[in-house]
Amino acid sequence: MLRTLSLAGFAAAVAAQFNIKHTQYGTSPPIYPSPQISGAGGWDAALVKAQAFLAELTTEEKAQIVTGTSGPCVGNIGPIERLNFTGLCLQDGPLAIRQAIYVDAFPAGLSAAASWDRPLVRQRGAYMGAEFKAKGAHVALGPVVGPLGRSPLGGRNWEGFSPDSYLSGVLVEESVYGIQSAGVQACTKHYIGNEQETQRNPSTINGTTIEAISSNIDDKTMHETYLWPFANAGTSNRLTYVNAGCQNSKTLNGLLKDELGFQGYVMSDWLATHTGVAAIEAGLDMDMPGGIGFTTPNPSFFGGNVTAAVNNGSLSTDRVDDMVLRIMAPYFHLNQDVDFPPIDGYTQRLGFFGSSGYLYNYTIGPIVDARQEQHVQLIRDLGAAGTVLLKNTKGALPLKTPKNIGVFGNDAADFTRGEYSLALSGTGIQDGDYDIGTLAVGGGSGTGRFPYVVSPLEAIKARGRSYGALVQYITDNVFIAAGGLAALAPVPPEVCIVFLKSWASEGADRTTLIAEWNSTVVVNQTAALCNNTIVVLHGAAPNTMPWRNNPNVTAILAAHMPGQESGNSIADILWGNVDPSGRLPYTIANEETDYAKNLVNSTALATTTDPNAWQADFVEGDLIDYKEFDARNASVAFEFGFGLSYTTFNISSLQVQVSGANASRTPNPAAPIQPGGNVELWATLVTVSVTVTNTGSVTGATVPQIYLSYPVEANAPVRSLRGFEKVALSPGTSGTLNFPLTRRDLSYWDTTTQQWTLPRGALTVYAGFSSRDLPLQGSLTV
């Protein structure tokens with residue numbers, strides 16, 4: 001294993017470790033034909049209904065089912081009135097129904113991940129699913145595990161959960177269960193290797209088409225990191241959605257439909273389909289948006305071309321039938337054929353395509369208010385649960401009843417440019433990176449239209465009024481940087497709370513990890529005035545913090561993207577109504593340059609005439625985020641899994657029980673393949689238990705974590721997360737937690753045998769409260 005390496009030698013060393021050469025990239029083996037749906041995993045009854053429906057279709061109607069068309073939703077499959085099929089409505093996105101009013105804006109995936117709270121994340125999915133259904137949306141375009149977060153600068157990382165594949169896998173599974181419990185199809189995206197926005201789509205230079213970036217991932221890394229969470233999502237019968245790679249038969253036919261036993265359909269990202277029959281044979285089942293572009297008509301590669309290809313024999317009827325069955329089986333599996341609400345009456349007014357020119361008659365219902373009181377409470381609770389306390393000195397937090405409070409920074413205020421930030425960075429669609437206004441969600445197709453937002457300033461003023469405090473505030477960062485704090489009352493505030501933000505959106509990657517809008521100057525100016533300065537960061541993460549060691553910065557909170565109840569969530573933490581139980585789902589480095597950033601973006605490529613110049617070689621293998629820093633034994637500012645509380649906890653009594661002693665090295669190849677893969681991969685072979693005690697004076701919650709180190713033969717990272725659970729305890733009480741470890745958890749991917757393989761030597765088990773706070777250690781052999 002790599003233990004100590006300089007950053008300069010990091011890329012070369014990991015390339016050698018994983019035996020990766022550039023010549024190995026750029027191609028993958030062809031896998032044909034596309035596997036057919038089998039009904040495995042409890043889909044039998046739905047498949048029977050889909051087969052009966054298929055039997056009634058003409059060839060033209062089959063082509064209609066697999067091809068998007070114009071309509072009121074962001075994605076539409078046209079109705080077939082003679083069969084009482086009202087079509088499919090597909091809507092963005094992973095935190096709200098973007099194309100709607102009277103819906104809630106939930107915390108982003110980033111906040112959900114920082115909560116490390118399985119029940120809250122599942123409940124978030126259920127409540128979101130209920131709102132999608134109320135608005136007549138059959139498919140929710142989320143949750144997100146691609147991008148996973150290979151680079152901290154990825155522009156869409158905030159839509160997903162964590163660069164750790166295990167944490168993302170658990171949370172995407174909970175999210176899918178939640179969404180589909182409401183009767184809505186979850187569309188886990190973006191499959192696979194969609195790790196940067198720069199050159200995500202083809203461009204044109206001097207008339208030459210420059211192809212979208214190719215993510216070149218070796219077999220071991222593919223399985224152990226990027227494919228891992230999609231397997232989790234598969235266990236909950238998820239659907240999937242493809243961005244790049246719509247024509248890669250290895251990833252679609254080989255990995256997804258064969259190895260993972262995927263029963264749903266593969267949908268293209270919008271305008272990502274570049275061929276017809278070739279993409280279909282490679283495993284693509286649905287083309288979106290189909291016959292129309294974002295602004296102008298755009299003929300589809302599917303549609304009539306599918307009909308023509310079947311009629312001339314270049315495309316088999318069996319393959320088209322399988323596409324239809326895969327699309328219709330989830331529809332019947334979730335009983336969407338029975339009393340499903342019509343499409344909300346306001347939907348078409350917010351769409352890309354306007355309210356005219358549809359090829360089909362969609363059933364449009366009344367305008368529905370999908371919001372519920374319990375949804376609002378969940379948003380507030382999860383916003384607080386996803387807030388991570390990073391620093392707390394001099395007894396700064398929780399606040400008691402300070403009489404003179406200062407609130408500073410443009411992130412503290414309400415919006416001045418409206419409550420909606422589609423803001424596809426780099427496309428010119430609306431304004432992104434707005435100055436005044438709190439940053440509660442990011443931009444792009446993963447955003448939401450706020451019904452309201454509780455700004456931090458609003459919530460803090462309300463708290464202050466409750467006991468007669470003076471609340472002074474300046475939310476103009478330019479004014480603060482120019483010395484504007486002199487405008488404060490002669491008596492300095494007892495506590496100064498500075499709100500910073502980091503914008504991120506679909507369409508562009510981040511250019512810095514330091515919060516924007518003069519953030520460093522704003523913090524330093526405030527800390528010079530106020531020796532009790534608390535800094536709260538909203539928006540994209542991670543952020544590096546050049547001011548973190550300033551002695552007058554007494555507390556730091558990473559509040560992420562908490563949704564519409566943002567101010568109430570942070571006030572609950574600041575005043576101690578809620579114990580901060582969030583934990584970092586990523587690593588915060590000392591300096592931005594400490595990360596091996598992994599983004600492909602250079603001046604030379606911006607002017608290239610080589611159509612295939614954009615190549616992203618994943619030479620770092622599995623070593624991203626904390627695994628990268630562990631490989632180099634590098635210091636960090638705040639490690640993965642870290643977070644403080646208002647109380648203290650102790651962890652003890654590590655126990656390891658092996659139930660699968662002398663297990664076969666690999667799963668039985670004859671075992672059934674269910675959604676998620678070979679069923680033996682999900683069998684529990686080991687159970688680890690620990691006891692956690694609240695040794696402090698207040699009720700609080702913590703997240704004990706289990707990490708494994710593998711024998712040398714596994715060629716694995718130093719440590720990998722393999723278990724976690726949030727537990728709330730009152731003072732002086734203890735709880736024993738059990739962590740089941742499956743065959744997959746204990747295995748590594750053997751590229752020679754093409755199997756998940758249990759190592760022959762002993763694995764080391766660590767237990768603690770972060771990736772670098774692991775006081776308990778044991779071993780196991782299976």
Side-chain angles (χ1 to χ4, degrees), residues 112-121 149 161-174 225 228-229 232 385-390 542 558 579-588 622 624-630 636 638-645 647-656 684 686-695 700-710 716-729 734-742 744-746 763-780:
S115 78
W116 293 62
D117 193 315
R118 298 169 190 252
L120 274 183
V121 172
F161 300 110
S162 167
D164 181 76
S165 54
Y166 181 89
L167 179 57
S168 280
V170 170
L171 297 183
V172 74
E173 185 175 345
E174 296 291 354
T225 294
W228 182 289
N232 279 84
T387 297
V388 183
L389 179 61
L390 298 174
D579 176 62
S581 62
R583 301 294 181 259
L584 290 178
Y586 51 79
T587 300
I588 299 177
D622 295 320
I624 61 174
D625 198 71
Y626 71 94
K627 297 170 184 176
E628 167 203 335
F629 288 98
D630 286 350
V636 298
F638 303 102
E639 71 270 19
F640 175 84
F642 175 80
L644 300 174
S645 171
T647 187
T648 55
F649 295 93
N650 180 62
I651 188 168
S652 62
S653 304
L654 174 67
Q655 301 290 325
V656 178
T684 297
V686 174
T687 301
V688 176
S689 64
V690 297
T691 297
V692 179
T693 303
N694 183 339
T695 57
T702 190
V703 184
Q705 301 159 38
I706 304 297
Y707 293 80
L708 296 183
S709 286
Y710 297 80
V718 176
R719 279 179 295 275
S720 298
L721 179 70
R722 287 296 181 263
F724 69 90
E725 195 71 48
K726 178 169 281 190
V727 57
L729 296 167
S734 300
T736 297
L737 300 173
N738 295 315
F739 301 91
L741 301 181
T742 66
R744 185 183 68 148
D745 295 332
L746 299 164
L763 291 84
T764 305
V765 183
Y766 299 92
F769 296 116
S770 76
S771 64
R772 293 193 173 183
D773 177 13
L774 299 166
L776 304 183
Q777 182 176 330
S779 66
L780 66 89

Given the options F640, Y586, Y166, Y626 meets ring-ring contact (aromatic ring centres under 6.0 Å, His included) only with F640
Does the ring of F724 carry R118 above it, NZ/CZ under 6.0 angstrom from centre and within 45° of its axis?
-> yes
S709 side chain to T764 main-chain N or O, any donor-acceptor pair under 3.5 Å?
-> no
If you measure only the distance, is there a donor-acceptor pair under 3.5 Å linking the side chains of K726 and S581?
-> yes
Backbone N or O of F649 within a donor-acceptor pair of the N694 side chain at under 3.5 Å?
-> no
Output for pair (E639 CD, D773 CG), nearest 0.5 Å, gives 7.0 Å
Would you check if there is a donor-acceptor pair between the side chains of N738 and T687 at a distance under 3.5 Å?
-> no
For D625, what residues pass the side chain to side chain donor-acceptor pair (under 3.5 Å) criterion, not counting sequence neighbours?
-> T587
What about the rings of Y766 and Y707, do their centers lie closer together than 6.0 Å?
-> no
Give a yes or no answer on whether the side chain of R744 reaches the backbone of W228 with a donor-acceptor pair at less than 3.5 Å.
-> yes
Ignoring hydrogens and geometry, is there a side-chain-to-backbone donor-acceptor pair from S162 to A113 under 3.5 Å?
-> no
S115 side chain vs A112 backbone, donor-acceptor pair below 3.5 Å | yes
Taking the side chain from D745 and the backbone from T742, do they hold a donor-acceptor pair closer than 3.5 Å?
-> yes
Going by atom types only, do N650 and T695 share a side-chain donor-acceptor pair under 3.5 Å?
-> no
Going through the distances and angles, do L746 and L780 end up as a side-chain contact (heavy atoms from CB on, under 4.5 Å)?
-> CA-CA 10 Å; L746 299 164; L780 66 89; 4.1 Å; yes
Could I get the full list of side chain to side chain donor-acceptor pair (under 3.5 Å) partners for S734, not counting sequence neighbours?
-> T693
Counting only N and O atoms by type, is there a donor-acceptor contact under 3.5 Å from the side chain of Q705 to the main-chain atoms of V703?
-> yes
